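This report refers to the structure that appears directly beneath it.
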Amino acid sequence: MSKDFSDGAAWIRGTIVPIAEATIGVTDWALTHSDVTYDVVPVWEGAFFRLPDYLDRFEHSMQACRMDVGLSRAEIETALHDMVARSGLRASYCALVAARGAPIIPGSRDPRDCANHFYAWCVPYVHVLKPEVAEAGARLLLPDHIHRIPDDSVNPRAKNYHWGDFTQGLFAAKDQGLDNVVLADHAGNVTEGPGFNIFALKGDTVVTPDRGVLEGITRRTVLELAREAGLKTEIRALPIADLLQADEVFLSTSGGGVIPVSQINERTFSNGRPGPTATRLRASYFDHLTDPTYRTEITYETAPA
């Protein structure tokens, strides 16, 4: 009997299985210590978007976390291609993961004694914020009592599973009926949210934070699109006051592209609607997804109907 991959697929120990059958061990430090670095590359209309850039960042993250999964870049890329092709998904959220693994020496608490390993999984395309939220403009909480984990404690440039701060923030936002959360650091500078970078537009200048953030590939794309549109761009500290005084605010994420923001706390932007610049950049991003320059086509096992 053929297996059902309609909900997604996973590459585990060299085998591709339906997503529901994917497992890792209960003693893996990926589980017990959140000791993981990962990346997520979007699949759109049957092709990876900016795959070389995502692989570059994944390699840098593994180096920063001192992980060696024993696979070459070409082998990892082949695993992703084979997995997505087996799933048949032509729009997908595709994760590649390096895990610390379980200690080879039972009971050891030395990270050097762990067997690092690679796995991957893909599911139907995930919108970090639902399309209807993006169309209306996201409403965010910027709490004054929850702060981003300091970057000298957890390196945000190595994508990771340390979401204790974001989870607290999400509960606080949802309790207030808001869509999501963005966090500041302890110095009062805006950082990022769970799965997205943030931008402030003032006049003809787009600003995005430089500290406490993942250097997002979608963030890079948005900065490129902004410059193509004739806007100036700055990557620098973004104080909370500067964010709240912006003409427009928007987000970038691999799961949904550019997301206009209509409200942060009590402050509304663009009369509580998506701003015109964010709206144009959102459309440009989805056009960009189909640009052959940035696409790595996937050869599917069965041609789509």
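Keep in mind that what you see is a predicted model, and the values were worked out from it rather than measured.
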Which is it for Glu301 and Arg86 under the salt bridge (charged side-chain N to carboxylate O under 4.0 Å, His left out) test, yes or no, and what are the steps along the way? CA-CA 6 Å; Glu301 297 181 358; Arg86 181 74 59 84; 2.9 Å; yes
Let me see the working for Gln263 and Val249 under side-chain contact (heavy atoms from CB on, under 4.5 Å), right down to the final yes or no. CA-CA 9 Å; Gln263 178 182 339; Val249 174; over 6 Å; no
Apply the test salt bridge (charged side-chain N to carboxylate O under 4.0 Å, His left out) to residues Arg295 and Glu297: give CA-CA distance (whole Å), side-chain angles for both, the deciding distance (0.1 Å), then the verdict. CA-CA 6 Å; Arg295 290 168 59 82; Glu297 299 292 335; 3.2 Å; yes
Evaluate the side-chain contact (heavy atoms from CB on, under 4.5 Å) criterion for residues Tyr161 and Val97: first the C-alpha distance (whole Å), next the side-chain angles of each, then the deciding distance (0.1 Å), finally the verdict. CA-CA 11 Å; Tyr161 285 169; Val97 184; 3.9 Å; yes
One pair to check against salt bridge (charged side-chain N to carboxylate O under 4.0 Å, His left out): Arg282 and Glu135. What are the steps and the verdict? CA-CA 10 Å; Arg282 178 171 172 80; Glu135 293 301 322; 3.6 Å; yes
Should Ser92 and Val123 be marked as a side-chain contact (heavy atoms from CB on, under 4.5 Å) after you check the CA-CA gap, both sets of side-chain angles, and the distance that decides it? CA-CA 6 Å; Ser92 175; Val123 294; 5.6 Å; no
Between Val17 and Trp11, is a side-chain contact (heavy atoms from CB on, under 4.5 Å) present by the stated rule, with each step listed? CA-CA 7 Å; Val17 298; Trp11 188 101; over 6 Å; no
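Asn116 places none of its side-chain heavy atoms less than 4.5 Å from the side chain of Met62. The side-chain heavy atoms of His288 and Leu225, taken from C-beta on, include a pair separated by under 4.5 Å. Contact check for Phe199 versus Val222: side-chain heavy atoms found under the 4.5 Å cut-off. Inter-residue side-chain proximity for Thr221 and Arg50 is flagged as met; some heavy-atom pair is nearer than 4.5 Å. Put simply, the side chain of Met83 reaches to within 4.5 Å of the side chain of Cys122, judged on heavy atoms. Two residues are said to be in side-chain contact when any heavy atoms from C-beta on lie closer than 4.5 Å; Glu77 and Leu51 meet this criterion. Residues Phe48 and Pro42 have side chains not in contact (no heavy-atom distance under 4.5 Å, counting atoms from C-beta outward). Between Glu45 and Leu289 the shortest side-chain heavy-atom distance does not fall below 4.5 Å.
The closest donor-acceptor contact from the side chain of Ser153 to the backbone of Ile149 lies at 3.5 Å or more, if one exists at all. Ser34 places no side-chain N or O within donor-acceptor distance of the main-chain N or O of Ala30, the cut-off being under 3.5 Å. With Asn197 contributing its side chain and Arg219 its backbone, the two residues share no donor-acceptor pair below 3.5 Å. Panel note: side chain Tyr38, backbone Ala120; no donor-acceptor pair is recorded below 3.5 Å. Side-chain atoms of Ser108 do not come within 3.5 Å of backbone N or O of Ile105 as any donor-acceptor pair.
In plain terms, the two heavy atoms of Ile104 and Pro106 that are nearest each other are O-CD, 3.3 Å. Nearest approach of Leu89 to Pro124, heavy atoms of both residues: CD1-N, 3.6 Å. Val26 and Leu31 make their closest contact through O-CD2, 3.6 Å (heavy atoms, listed as atom of the first residue, atom of the second, distance). In terms of heavy atoms, Ala237 sits closest to Pro239 at O-CD, 3.5 Å. When every heavy atom of Ala79 is checked against every heavy atom of Phe118, the shortest pair comes out as CB-CE2, 4.2 Å. Closest heavy-atom contact between Cys94 and Val84: SG-CG2, 4.0 Å.
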Donor-acceptor contacts under 3.5 Å from residues 166-184 side chains, at least two apart:
{"unit_1": "Thr167", "atom_1": "OG1", "unit_2": "Trp163", "atom_2": "O", "d": "2.9"}
{"unit_1": "Lys174", "atom_1": "NZ", "unit_2": "Asp179", "atom_2": "O", "d": "2.8"}
{"unit_1": "Asp179", "atom_1": "OD2", "unit_2": "Arg139", "atom_2": "N", "d": "2.8"}

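In this structure, Val43 is a member of the same hydrophobic cluster as Leu80, with clusters built from ILVMFWY side-chain heavy atoms closer than 4.5 Å. No chain of hydrophobic side-chain contacts below 4.5 Å, direct or via other Ile, Leu, Val, Met, Phe, Trp or Tyr residues, connects Phe196 to Ile146. Placement of Val190 and Val154 in two distinct hydrophobic clusters is found when ILVMFWY residues are connected by side-chain heavy-atom separations under 4.5 Å, directly or transitively. Cluster annotation: Ile264 is not connected to Leu141 through the hydrophobic network of ILVMFWY side chains, with a link wherever side-chain heavy atoms come within less than 4.5 Å. Under the 4.5 Å side-chain contact rule for hydrophobic residues, Val258 and Leu231 share a cluster.
Note: Thr37 OG1 to His60 NE2 = 12.0 Å, rounded to the nearest 0.5 Å. With values rounded to the nearest 0.5 angstrom, Ser87 atom OG is found 11.0 Å from Asp7 atom CG. Within the model, atoms CD1 of Ile16 and CZ of Phe5 stand 7.0 Å from one another, a figure rounded to the nearest 0.5 Å. Summarising the geometry, atom OG1 belonging to Thr191 is positioned 9.5 Å from atom CG belonging to Asp151; distances are rounded to the nearest 0.5 Å. We find the CG-CG distance between Asn265 and Leu142 to be 5.5 Å, quoted to the nearest 0.5 Å. One finds the CD1 atom of Ile198 at 5.0 Å from the CG atom of Leu243 (value rounded to the nearest 0.5 Å).
Using a cutoff of 4.0 Å between basic side-chain nitrogens and carboxylate oxygens, Asp185 and Arg211 are not scored as salt-bridged. Using a cut-off of 4.0 Å between Lys/Arg side-chain N and Asp/Glu carboxylate O, Glu215 and Lys159 are scored as not salt-bridged. A salt bridge is absent between Arg73 and Glu75: the closest approach of a Lys/Arg side-chain nitrogen to an acidic carboxylate oxygen does not fall below 4.0 angstrom. A salt bridge links Glu192 to Arg148: one of the charged nitrogens lies within less than 4.0 Å of a carboxylate oxygen.
The only option from Thr208, Ile259, Val206 that meets the side chain to side chain contact (heavy atoms under 4.5 Å, CB included) definition with Phe250 turns out to be Val206. With Ser254 as reference, Tyr54 is the one residue of Tyr54, Tyr93, Tyr125 to meet the side chain to side chain donor-acceptor pair (under 3.5 Å) rule. Among Phe286, Tyr294, Tyr285, the one residue that satisfies the ring pair (Phe, Tyr, Trp, His ring centres under 6.0 Å) test with Trp44 is Phe286.
A donor-acceptor contact closer than 3.5 angstrom links the side chains of Asp4 and Ser6. Side chain to side chain, Asp28 and His117 meet the donor-acceptor criterion of an N or O pair below 3.5 Å.
Residue pairs meeting the side chain to side chain donor-acceptor pair (under 3.5 Å) criterion with at least one member in residues 229-253, sequence neighbours excluded, are Arg227-Thr233, Glu234-Arg236, Glu248-Thr277. Listed by first then second residue, pairs satisfying salt bridge (charged side-chain N to carboxylate O under 4.0 Å, His left out) with a partner in residues 93-107 read Asp35-Arg100, not counting sequence neighbours.
Residue Asp291 places its CG atom among more than 12 non-hydrogen atoms of other residues, nucleotides or ligands, all under 6.0 Å distant.
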